[in-house]
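Order of the sequence lines fixes the chain letters, A, B, ..., with proteins taken first and strands second; residue numbering starts at 1 for each chain.
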2 protein chains.
Amino acid sequence: MPKNIYFCYMYSFTEENYLKAIYKLQEQSDLAINTNAIAAAIQTKAASVTDMVKKLSEKKLLNYEKYKGVELTHLGKKVAIDTVRKHRLWETFLHNKLNFAWDEVHDIAEQLEHIQSQELIDKLDEFLGFPSHDPHGDPIPGRNGVIQQNNFILLSELEIGESGIISGVVNHSALFLQHLEKNELVLGKKLLVQEISAFDQLVKVQIDDKKQQQLSSEVVRNILVKKLS
Amino acid sequence: MPKNIYFCYMYSFTEENYLKAIYKLQEQSDLAINTNAIAAAIQTKAASVTDMVKKLSEKKLLNYEKYKGVELTHLGKKVAIDTVRKHRLWETFLHNKLNFAWDEVHDIAEQLEHIQSQELIDKLDEFLGFPSHDPHGDPIPGRNGVIQQNNFILLSELEIGESGIISGVVNHSALFLQHLEKNELVLGKKLLVQEISAFDQLVKVQIDDKKQQQLSSEVVRNILVKKLS
DNA sequence: AAATATTTTTAGACTTGCCTAAAAATATAT
DNA sequence: ATATATTTTTAGGCAAGTCTAAAAATATTT
Ligand SMILES: [Mn+2]
Ligand SMILES: [Mn+2]
Ligand SMILES: [Mn+2]
Ligand SMILES: [Mn+2]
(Lines give C-alpha, C1' and ligand atoms only; values in the text may rest on other atoms or scores of the structure.)
(Ligands and ions follow the chains in the order given, each with its own letter.)
Protein backbone atom coordinates (compact mmCIF):
# COMPACT_ATOMS: atom_id res chain seq x y z
CA MET A 1 0.00 0.00 0.00
CA PRO A 2 1.50 3.34 -0.98
CA LYS A 3 1.34 5.36 2.19
CA ASN A 4 -0.85 8.36 1.95
CA ILE A 5 -0.70 10.57 4.94
CA TYR A 6 -2.49 13.33 3.17
CA PHE A 7 -6.03 12.16 3.72
CA CYS A 8 -7.78 10.11 6.27
CA TYR A 9 -8.25 6.60 4.94
CA MET A 10 -11.48 6.06 3.14
CA TYR A 11 -11.48 3.51 0.38
CA SER A 12 -8.73 2.64 -2.04
CA PHE A 13 -8.68 3.29 -5.75
CA THR A 14 -9.28 -0.40 -6.33
CA GLU A 15 -12.04 -0.77 -3.77
CA GLU A 16 -13.96 2.14 -5.25
CA ASN A 17 -13.64 0.66 -8.73
CA TYR A 18 -14.97 -2.70 -7.62
CA LEU A 19 -17.90 -1.12 -5.80
CA LYS A 20 -18.77 1.08 -8.75
CA ALA A 21 -18.64 -1.85 -11.16
CA ILE A 22 -20.82 -4.01 -8.93
CA TYR A 23 -23.25 -1.15 -8.47
CA LYS A 24 -23.62 -0.70 -12.21
CA LEU A 25 -24.15 -4.41 -12.75
CA GLN A 26 -26.75 -4.43 -10.01
CA GLU A 27 -28.60 -1.59 -11.70
CA GLN A 28 -28.80 -3.54 -14.93
CA SER A 29 -29.76 -6.95 -13.78
CA ASP A 30 -31.52 -7.27 -10.40
CA LEU A 31 -30.06 -10.74 -9.76
CA ALA A 32 -27.09 -11.30 -7.48
CA ILE A 33 -23.91 -10.37 -9.28
CA ASN A 34 -21.64 -13.25 -10.19
CA THR A 35 -17.88 -13.37 -10.16
CA ASN A 36 -17.40 -13.61 -13.90
CA ALA A 37 -19.54 -10.57 -14.60
CA ILE A 38 -17.44 -8.49 -12.23
CA ALA A 39 -14.23 -9.81 -13.74
CA ALA A 40 -15.44 -8.85 -17.21
CA ALA A 41 -16.55 -5.41 -16.07
CA ILE A 42 -13.24 -4.39 -14.57
CA GLN A 43 -11.12 -6.42 -16.92
CA THR A 44 -9.50 -8.73 -14.45
CA LYS A 45 -9.66 -12.44 -13.65
CA ALA A 46 -12.32 -14.31 -11.70
CA ALA A 47 -9.75 -15.42 -9.16
CA SER A 48 -8.83 -11.81 -8.42
CA VAL A 49 -12.48 -10.98 -7.99
CA THR A 50 -12.93 -13.75 -5.47
CA ASP A 51 -9.97 -12.42 -3.48
CA MET A 52 -11.34 -8.92 -3.52
CA VAL A 53 -14.97 -9.64 -2.72
CA LYS A 54 -13.85 -11.52 0.35
CA LYS A 55 -12.09 -8.41 1.56
CA LEU A 56 -14.97 -6.12 0.67
CA SER A 57 -17.27 -8.48 2.49
CA GLU A 58 -15.14 -8.28 5.63
CA LYS A 59 -15.35 -4.52 5.42
CA LYS A 60 -19.15 -4.78 5.29
CA LEU A 61 -19.31 -3.23 1.85
CA LEU A 62 -21.11 -6.20 0.35
CA ASN A 63 -22.67 -9.53 1.24
CA TYR A 64 -20.92 -12.50 -0.20
CA GLU A 65 -21.80 -16.15 -0.12
CA LYS A 66 -19.54 -18.64 -1.79
CA TYR A 67 -20.82 -19.64 -5.19
CA LYS A 68 -23.86 -17.39 -4.76
CA GLY A 69 -22.53 -14.06 -5.98
CA VAL A 70 -22.51 -10.72 -4.21
CA GLU A 71 -24.86 -7.91 -3.30
CA LEU A 72 -23.85 -4.46 -2.09
CA THR A 73 -24.72 -3.49 1.45
CA HIS A 74 -26.25 -0.11 2.16
CA LEU A 75 -22.76 1.18 2.90
CA GLY A 76 -21.29 -0.31 -0.24
CA LYS A 77 -24.00 1.24 -2.35
CA LYS A 78 -23.40 4.60 -0.73
CA VAL A 79 -19.68 4.46 -1.53
CA ALA A 80 -20.43 3.38 -5.10
CA ILE A 81 -22.91 6.18 -5.68
CA ASP A 82 -20.50 8.68 -4.20
CA THR A 83 -17.88 7.50 -6.65
CA VAL A 84 -20.31 7.91 -9.52
CA ARG A 85 -21.08 11.41 -8.24
CA LYS A 86 -17.42 12.33 -8.23
CA HIS A 87 -16.92 10.83 -11.68
CA ARG A 88 -19.77 12.76 -13.22
CA LEU A 89 -18.88 16.05 -11.56
CA TRP A 90 -15.33 15.77 -12.87
CA GLU A 91 -16.61 14.93 -16.35
CA THR A 92 -18.75 18.02 -16.20
CA PHE A 93 -15.77 20.11 -15.13
CA LEU A 94 -13.62 18.75 -17.92
CA HIS A 95 -16.29 19.40 -20.53
CA ASN A 96 -17.79 22.67 -19.35
CA LYS A 97 -14.70 24.40 -18.02
CA LEU A 98 -11.73 22.88 -19.79
CA ASN A 99 -13.43 22.34 -23.14
CA PHE A 100 -12.76 18.66 -23.47
CA ALA A 101 -15.01 16.95 -26.00
CA TRP A 102 -17.63 14.64 -24.53
CA ASP A 103 -15.78 11.57 -25.74
CA GLU A 104 -12.55 12.62 -24.00
CA VAL A 105 -13.72 13.16 -20.44
CA HIS A 106 -14.37 9.64 -19.22
CA ASP A 107 -10.83 8.31 -19.00
CA ILE A 108 -9.51 11.30 -17.10
CA ALA A 109 -12.51 11.24 -14.76
CA GLU A 110 -11.69 7.61 -13.99
CA GLN A 111 -8.58 8.94 -12.30
CA LEU A 112 -10.02 12.09 -10.76
CA GLU A 113 -12.94 10.27 -9.16
CA HIS A 114 -10.57 8.73 -6.62
CA ILE A 115 -9.26 11.99 -5.18
CA GLN A 116 -10.20 12.00 -1.53
CA SER A 117 -11.68 15.21 -0.24
CA GLN A 118 -15.29 15.82 0.55
CA GLU A 119 -14.71 19.55 0.59
CA LEU A 120 -13.18 19.43 -2.87
CA ILE A 121 -16.26 17.76 -4.30
CA ASP A 122 -18.60 20.16 -2.56
CA LYS A 123 -16.71 23.16 -3.88
CA LEU A 124 -16.44 21.69 -7.35
CA ASP A 125 -20.19 21.08 -7.35
CA GLU A 126 -20.79 24.70 -6.39
CA PHE A 127 -18.28 25.98 -8.95
CA LEU A 128 -20.11 24.09 -11.66
CA GLY A 129 -23.45 25.53 -10.54
CA PHE A 130 -24.78 22.29 -9.05
CA PRO A 131 -25.25 20.56 -12.39
CA SER A 132 -27.95 17.90 -12.59
CA HIS A 133 -26.47 15.96 -15.49
CA ASP A 134 -23.04 15.14 -16.84
CA PRO A 135 -21.91 15.72 -20.46
CA HIS A 136 -23.50 12.42 -21.52
CA GLY A 137 -26.85 13.22 -19.98
CA ASP A 138 -26.36 10.93 -17.01
CA PRO A 139 -27.79 12.24 -13.74
CA ILE A 140 -25.33 13.41 -11.08
CA PRO A 141 -26.19 11.94 -7.67
CA GLY A 142 -26.63 14.50 -4.89
CA ARG A 143 -24.50 14.73 -1.75
CA ASN A 144 -27.15 12.67 -0.01
CA GLY A 145 -26.82 9.87 -2.56
CA VAL A 146 -30.16 10.50 -4.19
CA ILE A 147 -30.20 10.05 -7.95
CA GLN A 148 -32.91 11.93 -9.72
CA GLN A 149 -34.25 9.42 -12.20
CA ASN A 150 -35.02 10.90 -15.58
CA ASN A 151 -37.77 9.65 -17.82
CA PHE A 152 -35.91 9.62 -21.09
CA ILE A 153 -36.87 7.13 -23.77
CA LEU A 154 -34.99 5.67 -26.70
CA LEU A 155 -35.17 7.62 -29.92
CA SER A 156 -36.18 4.33 -31.51
CA GLU A 157 -39.35 4.39 -29.46
CA LEU A 158 -40.64 7.59 -31.03
CA GLU A 159 -43.36 7.18 -33.66
CA ILE A 160 -43.53 9.09 -36.90
CA GLY A 161 -44.56 12.67 -36.23
CA GLU A 162 -43.31 12.65 -32.65
CA SER A 163 -40.35 14.68 -31.49
CA GLY A 164 -37.92 14.84 -28.61
CA ILE A 165 -34.84 16.54 -27.23
CA ILE A 166 -31.59 14.59 -27.23
CA SER A 167 -30.89 14.04 -23.55
CA GLY A 168 -28.50 11.15 -23.21
CA VAL A 169 -26.81 8.14 -24.74
CA VAL A 170 -26.86 4.43 -24.05
CA ASN A 171 -23.57 3.59 -25.69
CA HIS A 172 -20.80 5.66 -24.12
CA SER A 173 -17.95 4.62 -26.41
CA ALA A 174 -15.73 7.33 -27.80
CA LEU A 175 -16.42 6.03 -31.29
CA PHE A 176 -20.17 6.48 -30.95
CA LEU A 177 -19.86 9.84 -29.22
CA GLN A 178 -17.58 11.14 -31.95
CA HIS A 179 -20.00 9.92 -34.56
CA LEU A 180 -22.84 11.80 -32.93
CA GLU A 181 -20.80 14.97 -32.58
CA LYS A 182 -19.84 14.83 -36.24
CA ASN A 183 -23.52 14.67 -37.14
CA GLU A 184 -24.63 17.47 -34.82
CA LEU A 185 -26.48 14.97 -32.69
CA VAL A 186 -25.54 16.53 -29.37
CA LEU A 187 -27.46 17.09 -26.15
CA GLY A 188 -30.23 19.64 -26.50
CA LYS A 189 -30.93 19.17 -30.18
CA LYS A 190 -34.58 18.66 -31.10
CA LEU A 191 -35.40 15.73 -33.34
CA LEU A 192 -38.63 15.20 -35.25
CA VAL A 193 -39.19 11.70 -36.63
CA GLN A 194 -40.42 12.02 -40.20
CA GLU A 195 -40.07 8.59 -41.72
CA ILE A 196 -39.12 5.06 -40.74
CA SER A 197 -38.14 2.93 -43.69
CA ALA A 198 -40.07 -0.33 -43.81
CA PHE A 199 -37.21 -1.92 -45.70
CA ASP A 200 -34.05 -1.08 -43.73
CA GLN A 201 -35.39 0.68 -40.63
CA LEU A 202 -33.48 3.85 -41.41
CA VAL A 203 -35.09 6.74 -39.54
CA LYS A 204 -35.35 10.11 -41.18
CA VAL A 205 -35.31 12.91 -38.64
CA GLN A 206 -35.37 16.67 -38.84
CA ILE A 207 -32.82 18.35 -36.57
CA ASP A 208 -33.86 21.59 -34.84
CA ASP A 209 -36.56 22.23 -37.44
CA LYS A 210 -33.84 22.53 -40.04
CA LYS A 211 -31.86 19.97 -41.91
CA GLN A 212 -32.98 16.39 -42.34
CA GLN A 213 -30.92 13.29 -41.82
CA GLN A 214 -31.14 9.50 -42.00
CA LEU A 215 -30.16 7.58 -38.88
CA SER A 216 -29.29 3.90 -38.68
CA SER A 217 -31.16 1.69 -36.26
CA GLU A 218 -27.91 1.24 -34.39
CA VAL A 219 -27.87 4.97 -33.79
CA VAL A 220 -31.52 5.44 -32.85
CA ARG A 221 -31.31 2.61 -30.33
CA ASN A 222 -28.49 4.40 -28.51
CA ILE A 223 -29.85 7.90 -28.23
CA LEU A 224 -32.07 8.90 -25.32
CA VAL A 225 -34.60 11.66 -25.82
CA LYS A 226 -37.01 13.60 -23.69
CA LYS A 227 -40.28 13.21 -25.52
CA LEU A 228 -42.02 16.47 -26.34
CA SER A 229 -45.65 16.84 -25.20
CA MET B 1 0.30 -2.60 -8.58
CA PRO B 2 -3.26 -1.46 -9.21
CA LYS B 3 -3.77 -1.97 -12.90
CA ASN B 4 -4.49 1.22 -14.72
CA ILE B 5 -5.43 0.73 -18.29
CA TYR B 6 -6.62 4.28 -18.60
CA PHE B 7 -3.34 5.98 -19.24
CA CYS B 8 -0.08 4.96 -20.71
CA TYR B 9 2.39 4.18 -17.95
CA MET B 10 4.47 7.08 -16.88
CA TYR B 11 5.63 7.15 -13.29
CA SER B 12 3.84 5.95 -10.20
CA PHE B 13 2.48 8.07 -7.42
CA THR B 14 5.36 6.93 -5.24
CA GLU B 15 8.06 7.46 -7.83
CA GLU B 16 6.90 11.00 -8.48
CA ASN B 17 6.93 11.74 -4.78
CA TYR B 18 10.46 10.48 -4.35
CA LEU B 19 11.69 12.46 -7.32
CA LYS B 20 10.00 15.63 -6.16
CA ALA B 21 11.43 15.27 -2.67
CA ILE B 22 14.94 14.65 -3.95
CA TYR B 23 14.64 17.58 -6.32
CA LYS B 24 13.66 19.92 -3.50
CA LEU B 25 16.51 18.70 -1.32
CA GLN B 26 18.90 19.20 -4.21
CA GLU B 27 17.70 22.78 -4.63
CA GLN B 28 18.44 23.54 -1.01
CA SER B 29 21.78 21.94 -0.53
CA ASP B 30 23.96 21.38 -3.60
CA LEU B 31 25.64 18.30 -2.07
CA ALA B 32 24.59 14.78 -3.01
CA ILE B 33 21.40 13.86 -1.20
CA ASN B 34 21.74 11.25 1.50
CA THR B 35 19.34 8.50 2.42
CA ASN B 36 18.28 9.88 5.77
CA ALA B 37 17.38 13.26 4.35
CA ILE B 38 15.08 11.64 1.82
CA ALA B 39 13.54 9.46 4.47
CA ALA B 40 12.82 12.49 6.61
CA ALA B 41 11.40 14.45 3.69
CA ILE B 42 8.84 11.87 2.69
CA GLN B 43 8.32 10.49 6.16
CA THR B 44 9.46 6.98 5.61
CA LYS B 45 12.40 4.84 6.76
CA ALA B 46 15.94 4.84 5.45
CA ALA B 47 15.62 1.18 4.49
CA SER B 48 12.65 1.96 2.28
CA VAL B 49 14.59 4.76 0.64
CA THR B 50 17.47 2.45 -0.18
CA ASP B 51 15.05 0.02 -1.83
CA MET B 52 13.44 2.75 -3.85
CA VAL B 53 16.55 4.60 -5.00
CA LYS B 54 17.88 1.34 -6.38
CA LYS B 55 14.79 1.05 -8.53
CA LEU B 56 14.85 4.69 -9.60
CA SER B 57 18.49 4.26 -10.48
CA GLU B 58 17.68 1.29 -12.71
CA LYS B 59 15.10 3.43 -14.45
CA LYS B 60 17.77 6.08 -15.11
CA LEU B 61 15.96 8.65 -13.02
CA LEU B 62 18.88 9.19 -10.69
CA ASN B 63 22.49 8.21 -10.16
CA TYR B 64 23.10 6.18 -7.07
CA GLU B 65 26.30 4.94 -5.54
CA LYS B 66 26.17 2.91 -2.37
CA TYR B 67 26.92 5.00 0.69
CA LYS B 68 27.44 8.09 -1.51
CA GLY B 69 23.93 9.41 -1.83
CA VAL B 70 21.93 10.18 -4.96
CA GLU B 71 21.72 12.82 -7.67
CA LEU B 72 18.89 13.22 -10.17
CA THR B 73 19.62 12.59 -13.82
CA HIS B 74 18.40 15.01 -16.43
CA LEU B 75 15.34 12.79 -16.89
CA GLY B 76 14.68 12.55 -13.17
CA LYS B 77 14.87 16.30 -12.81
CA LYS B 78 12.45 16.74 -15.68
CA VAL B 79 9.92 14.42 -14.08
CA ALA B 80 10.35 16.18 -10.73
CA ILE B 81 9.84 19.63 -12.20
CA ASP B 82 6.83 18.44 -14.11
CA THR B 83 5.35 17.16 -10.88
CA VAL B 84 6.00 20.52 -9.24
CA ARG B 85 4.32 22.19 -12.21
CA LYS B 86 1.24 20.03 -11.80
CA HIS B 87 1.17 20.61 -8.06
CA ARG B 88 1.32 24.38 -8.37
CA LEU B 89 -1.23 24.55 -11.17
CA TRP B 90 -3.66 22.53 -9.12
CA GLU B 91 -3.04 24.72 -6.07
CA THR B 92 -3.80 27.74 -8.21
CA PHE B 93 -6.99 26.14 -9.44
CA LEU B 94 -8.12 25.28 -5.93
CA HIS B 95 -7.42 28.78 -4.67
CA ASN B 96 -8.49 30.93 -7.60
CA LYS B 97 -11.45 28.94 -8.86
CA LEU B 98 -12.75 26.91 -5.94
CA ASN B 99 -12.02 29.49 -3.26
CA PHE B 100 -9.91 27.34 -1.02
CA ALA B 101 -7.80 29.32 1.43
CA TRP B 102 -4.08 29.30 0.72
CA ASP B 103 -3.40 27.03 3.67
CA GLU B 104 -5.87 24.41 2.43
CA VAL B 105 -4.65 23.78 -1.08
CA HIS B 106 -1.42 21.88 -0.55
CA ASP B 107 -2.76 18.59 0.75
CA ILE B 108 -5.33 18.21 -2.01
CA ALA B 109 -2.76 19.18 -4.64
CA GLU B 110 -0.53 16.41 -3.32
CA GLN B 111 -3.14 14.03 -4.68
CA LEU B 112 -4.08 15.87 -7.84
CA GLU B 113 -0.47 16.26 -8.98
CA HIS B 114 -0.34 12.55 -9.79
CA ILE B 115 -3.20 12.56 -12.30
CA GLN B 116 -1.73 11.45 -15.59
CA SER B 117 -2.76 13.49 -18.60
CA GLN B 118 -0.62 15.98 -20.41
CA GLU B 119 -3.65 17.40 -22.13
CA LEU B 120 -5.38 17.95 -18.81
CA ILE B 121 -2.48 20.01 -17.51
CA ASP B 122 -2.25 22.03 -20.68
CA LYS B 123 -5.94 22.84 -20.60
CA LEU B 124 -5.88 23.60 -16.91
CA ASP B 125 -2.97 25.98 -17.48
CA GLU B 126 -4.91 27.75 -20.20
CA PHE B 127 -8.11 27.84 -18.10
CA LEU B 128 -6.17 29.54 -15.31
CA GLY B 129 -4.71 32.08 -17.73
CA PHE B 130 -1.18 30.68 -17.72
CA PRO B 131 -0.42 31.78 -14.16
CA SER B 132 3.21 32.47 -13.32
CA HIS B 133 2.95 31.88 -9.59
CA ASP B 134 0.95 29.67 -7.25
CA PRO B 135 -1.06 30.92 -4.24
CA HIS B 136 2.08 30.91 -2.09
CA GLY B 137 4.09 32.96 -4.55
CA ASP B 138 6.10 30.00 -5.82
CA PRO B 139 6.87 30.09 -9.54
CA ILE B 140 5.04 27.63 -11.78
CA PRO B 141 7.44 25.83 -14.12
CA GLY B 142 6.56 26.07 -17.80
CA ARG B 143 5.72 23.14 -20.08
CA ASN B 144 9.35 23.13 -21.14
CA GLY B 145 10.53 22.74 -17.55
CA VAL B 146 11.90 26.24 -17.25
CA ILE B 147 11.37 27.90 -13.90
CA GLN B 148 11.41 31.64 -13.96
CA GLN B 149 13.51 32.56 -10.93
CA ASN B 150 12.16 35.49 -9.01
CA ASN B 151 14.34 37.94 -7.15
CA PHE B 152 12.39 38.18 -3.95
CA ILE B 153 14.18 38.92 -0.71
CA LEU B 154 13.29 38.27 2.90
CA LEU B 155 11.28 40.93 4.62
CA SER B 156 13.92 40.76 7.35
CA GLU B 157 16.46 42.07 4.85
CA LEU B 158 14.64 45.36 4.32
CA GLU B 159 16.13 48.37 6.09
CA ILE B 160 14.15 51.05 7.85
CA GLY B 161 12.42 53.27 5.31
CA GLU B 162 12.43 50.61 2.59
CA SER B 163 9.29 48.96 1.33
CA GLY B 164 8.25 45.87 -0.62
CA ILE B 165 5.31 43.88 -1.91
CA ILE B 166 4.55 40.58 -0.21
CA SER B 167 5.34 38.01 -2.88
CA GLY B 168 5.92 34.68 -1.20
CA VAL B 169 6.57 32.70 1.94
CA VAL B 170 9.42 30.54 3.15
CA ASN B 171 7.47 28.56 5.73
CA HIS B 172 4.52 26.86 4.01
CA SER B 173 2.86 25.41 7.11
CA ALA B 174 -0.88 25.87 7.46
CA LEU B 175 -0.31 27.40 10.88
CA PHE B 176 1.93 30.13 9.51
CA LEU B 177 -0.28 30.78 6.49
CA GLN B 178 -3.34 31.11 8.68
CA HIS B 179 -1.47 33.51 10.91
CA LEU B 180 -0.57 35.70 7.96
CA GLU B 181 -4.09 35.66 6.60
CA LYS B 182 -5.48 36.66 9.97
CA ASN B 183 -3.15 39.66 9.97
CA GLU B 184 -3.87 40.73 6.40
CA LEU B 185 -0.36 39.75 5.38
CA VAL B 186 -1.33 38.28 2.06
CA LEU B 187 0.29 38.34 -1.37
CA GLY B 188 0.22 41.77 -2.97
CA LYS B 189 0.17 43.85 0.21
CA LYS B 190 2.73 46.62 0.38
CA LEU B 191 4.85 46.83 3.50
CA LEU B 192 6.91 49.83 4.63
CA VAL B 193 9.47 49.12 7.36
CA GLN B 194 9.23 51.91 9.92
CA GLU B 195 11.10 50.67 12.95
CA ILE B 196 13.22 47.74 14.06
CA SER B 197 13.43 47.39 17.81
CA ALA B 198 16.99 47.19 19.03
CA PHE B 199 15.81 45.26 22.06
CA ASP B 200 13.58 42.46 20.74
CA GLN B 201 13.92 42.80 16.96
CA LEU B 202 10.20 43.41 16.51
CA VAL B 203 9.65 45.10 13.17
CA LYS B 204 7.04 47.81 12.87
CA VAL B 205 5.57 47.94 9.37
CA GLN B 206 2.88 49.95 7.69
CA ILE B 207 0.53 47.88 5.55
CA ASP B 208 -0.69 49.41 2.29
CA ASP B 209 0.01 52.93 3.55
CA LYS B 210 -2.60 52.42 6.21
CA LYS B 211 -2.49 50.58 9.48
CA GLN B 212 0.70 49.83 11.35
CA GLN B 213 1.68 46.53 12.88
CA GLN B 214 4.51 44.89 14.82
CA LEU B 215 5.93 41.70 13.35
CA SER B 216 8.02 39.12 15.17
CA SER B 217 11.40 38.17 13.79
CA GLU B 218 9.99 34.69 13.17
CA VAL B 219 7.44 36.27 10.86
CA VAL B 220 9.75 38.65 8.99
CA ARG B 221 12.21 35.85 8.30
CA ASN B 222 9.48 33.86 6.55
CA ILE B 223 7.95 36.47 4.30
CA LEU B 224 9.38 37.14 0.84
CA VAL B 225 8.96 40.57 -0.67
CA LYS B 226 9.66 42.22 -3.97
CA LYS B 227 11.67 45.26 -2.97
CA LEU B 228 10.30 48.54 -4.27
CA SER B 229 12.78 50.72 -6.17
C1' DA C 1 45.54 4.40 15.23
C1' DA C 2 41.90 2.47 17.81
C1' DA C 3 37.48 2.89 19.73
C1' DT C 4 33.01 4.64 19.34
C1' DA C 5 29.14 6.61 17.09
C1' DT C 6 26.42 7.40 13.11
C1' DT C 7 24.72 6.37 8.66
C1' DT C 8 23.53 3.20 5.25
C1' DT C 9 22.59 -1.17 3.52
C1' DT C 10 20.97 -5.95 3.78
C1' DA C 11 17.93 -9.62 5.32
C1' DG C 12 13.63 -11.16 6.06
C1' DA C 13 8.83 -10.25 6.43
C1' DC C 14 4.23 -7.98 5.69
C1' DT C 15 0.11 -5.94 2.78
C1' DT C 16 -2.44 -5.01 -1.39
C1' DG C 17 -3.56 -6.51 -5.59
C1' DC C 18 -2.69 -9.24 -9.38
C1' DC C 19 -1.79 -13.76 -11.90
C1' DT C 20 -2.01 -19.06 -13.52
C1' DA C 21 -3.20 -23.68 -12.80
C1' DA C 22 -5.75 -27.03 -10.47
C1' DA C 23 -9.62 -28.47 -7.54
C1' DA C 24 -14.37 -28.11 -6.14
C1' DA C 25 -19.01 -26.84 -6.83
C1' DT C 26 -22.89 -25.96 -9.70
C1' DA C 27 -25.42 -26.20 -14.01
C1' DT C 28 -26.67 -28.51 -18.29
C1' DA C 29 -27.23 -32.30 -21.41
C1' DT C 30 -27.93 -36.98 -22.32
C1' DA D 1 -29.27 -40.43 -12.91
C1' DT D 2 -24.89 -39.83 -15.16
C1' DA D 3 -21.79 -37.54 -17.73
C1' DT D 4 -20.17 -33.23 -19.38
C1' DA D 5 -19.51 -28.41 -19.31
C1' DT D 6 -19.23 -24.15 -16.95
C1' DT D 7 -18.44 -21.34 -13.05
C1' DT D 8 -16.21 -20.41 -8.89
C1' DT D 9 -12.90 -21.08 -5.47
C1' DT D 10 -8.38 -22.49 -3.66
C1' DA D 11 -3.42 -22.89 -3.81
C1' DG D 12 0.75 -20.94 -4.67
C1' DG D 13 3.35 -17.17 -6.41
C1' DC D 14 4.82 -12.41 -8.15
C1' DA D 15 5.57 -7.11 -7.89
C1' DA D 16 5.41 -2.71 -5.53
C1' DG D 17 6.14 -0.61 -1.51
C1' DT D 18 6.54 -0.68 3.30
C1' DC D 19 8.61 -2.16 7.91
C1' DT D 20 12.04 -3.85 11.83
C1' DA D 21 16.27 -5.67 13.26
C1' DA D 22 20.88 -6.75 12.32
C1' DA D 23 25.17 -6.20 9.62
C1' DA D 24 28.40 -3.35 7.13
C1' DA D 25 30.44 0.92 5.94
C1' DT D 26 31.70 5.52 7.03
C1' DA D 27 32.57 9.34 10.23
C1' DT D 28 34.03 11.14 14.58
C1' DT D 29 36.45 10.94 18.99
C1' DT D 30 39.91 9.96 21.91
MN1 LIG E 1 -17.79 8.32 -17.60
MN1 LIG F 1 -20.66 10.30 -18.09
MN1 LIG G 1 2.16 22.87 -2.04
MN1 LIG H 1 2.54 26.17 -3.26
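Atoms CE (B/Met52) and P (D/dA16) sit 9 Å apart, rounded to a whole Å. Here D/dG17 presents its P atom at 13 Å from CD of B/Glu58, a figure rounded to the nearest Å. In this structure, B/Glu65 atom CD and C/dT8 atom C1' are separated by 14 Å, rounded to whole Å. Rounding to whole angstrom units, CD1 of residue B/Ile42 and C1' of D/dA16 are separated by 14 Å. Atom CD in A/Gln43 sits roughly 12 Å away from atom P in C/dC18 (whole-Å rounding). Distance, B/Lys68 NZ to C/dT7 C1': 13 Å, rounded to whole Å. Regarding B/Lys55, its NZ atom lies at a distance of 13 Å from the P atom of C/dT10, rounded to whole Å. Residue A/Lys54 contributes atom NZ, which lies 14 Å from atom P of C/dT16 at whole-angstrom precision.
Using a 4.0 Å cut-off, no side-chain N or O of A/Tyr64 falls inside it from OP1 or OP2 of D/dT8. OP1 or OP2 of D/dT9 has at least one side-chain nitrogen or oxygen of A/Thr50 nearer than 4.0 Å. Residue A/Ser12 places none of its side-chain N or O atoms closer than 4.0 Å to OP1 or OP2 of C/dT16. OP1 or OP2 of C/dT16 has not a single side-chain nitrogen or oxygen of A/Tyr18 nearer than 4.0 Å. Note on A/Asn34: every side-chain N or O is 4.0 Å or more away from OP1 and OP2 of D/dT7. Dashed line: the shortest gap from a side-chain N or O of B/Asn36 to OP1 or OP2 of C/dT6 is not under 4.0 Å. Remark: B/Tyr67 is not in phosphate contact with C/dT10, judged by side-chain N or O atoms under 4.0 Å from OP1 or OP2. OP1 or OP2 of C/dT10 sits under 4.0 Å from a side-chain N or O of B/Lys66. Contact between the side-chain N/O atoms of B/Thr14 and the OP1/OP2 oxygens of D/dA16 is not found at any separation under 4.0 Å. Under 4.0 angstrom from either OP1 or OP2 of D/dT18 there lies no side-chain N or O belonging to B/Lys45.
A/Thr35 comes within 4.0 angstrom of the backbone, heavy atoms only, and of no base. Using a 4.0 Å heavy-atom distance criterion, B/Asp51 is classed as a base contact.
Taking the six-membered ring for Trp and thresholds of 30 and 60 degrees, A/Phe93 and A/Trp90 have ring planes more than 60 degrees apart, a perpendicular arrangement. Classification of the B/His136-B/Trp102 ring pair by plane angle, with boundaries at 30° and 60°, yields parallel.
A side chain to side chain donor-acceptor pair (under 3.5 Å) with A/Glu113 is found for exactly one of A/Lys20, A/Arg85, A/Lys86, namely A/Lys20. Among A/His95, A/His172, A/His87, the one residue that satisfies the ring pair (Phe, Tyr, Trp, His ring centres under 6.0 Å) test with A/His106 is A/His87.
Comparing B/Val49 and A/Ala47 along DNA chain C, the residue whose closest nucleotide (by nearest heavy atom) sits nearer the 5' end is B/Val49.
Comparing D/dG17, C/dG17, C/dC19 by their nearest atom to the side chain of A/Thr44 picks out C/dC19.
More than 12 heavy-atom neighbours from other residues, nucleotides or ligands sit within 6.0 angstrom of NZ on B/Lys123.
For the residue pair A/His114/A/Asn17, the side-chain donor-acceptor check at 3.5 Å is satisfied.
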